[in-house]
Every structure is written in C-alpha cells, then in structure tokens.
Amino acid sequence: MKRATYTLDAPTVDRVDSLAKRWKVSRSEAIRRAVAEASVGPNRDGLSALRALQSRMGLTKKKAADWAREVAEERRAWRT
C-alpha cells in the first residue's frame, strides 16, 4: 500500500463517509472501490456491465428463467 494525501471538498467527504458506512468498510476502502469501479465503468458497454452484475450476483440462466416464470405467474394471478 502507498499512503497519499488528497484534498476533498466537504460534500465529497460526506459521500465517501456515506459509502463507507453503507458498505461497512473504511474510508480508504470505499475510495478504492469507487476508483476501481470508475476506472472500468465508462469503458464498458451496457451489456458487459449487465453481465458483470449478473455474475457478481450469481445469476444463472436457470435462476433467471425461474424468476421470469414466477413473475409471469404473478401477472396471470392479478388478471383473474
């Protein structure tokens, strides 16, 4: 690890603190995660981003099909 010092405005520090609290990590870890995501985010197309999210969530084709079937059944139930 390298130690670095940066000057951030108050709203940015508040956002970092909010992310750190939500993720239950240190400020440094929140900044690392945000920078890592920002460094790949804009370079991804929408489909690649969706696939990455599905992978992180452990979404398989079977799970997706099961979910779609459940939603279709719920919609049919609402119509009757």
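All residue numbers in this chain count up from 1 along the given sequence.
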Under 4.5 Å between side-chain heavy atoms, hopping through other hydrophobics if needed: is there a path connecting Val71 to Trp78? no
Testing the basics here: between Ser26 and Ala20, what is the closest heavy-atom pair and its distance to 0.1 Å? O-CB, 3.8 Å
Just how far is it from atom CG of Leu19 to atom NZ of Lys24, taken to the nearest 0.5 Å? 14.0 Å
Take atom CZ in Arg32; do more than 12 heavy atoms of anything else shown fall under 6.0 Å from it? yes
Is any NZ, NE, NH1 or NH2 atom of the basic residue among Lys21 and Asp17 found under 4.0 Å from an Asp or Glu carboxylate oxygen of the other? no
Any salt bridge between Glu29 and Arg33, counting N to O under 4.0 Å? yes
Is it the case that one hydrophobic cluster holds both Leu59 and Trp67, taking links as side-chain heavy atoms less than 4.5 Å apart, direct or via other members? no
Strictly below 4.0 Å, N to O, side chains only: are Asp66 and Lys63 in salt-bridge contact? no
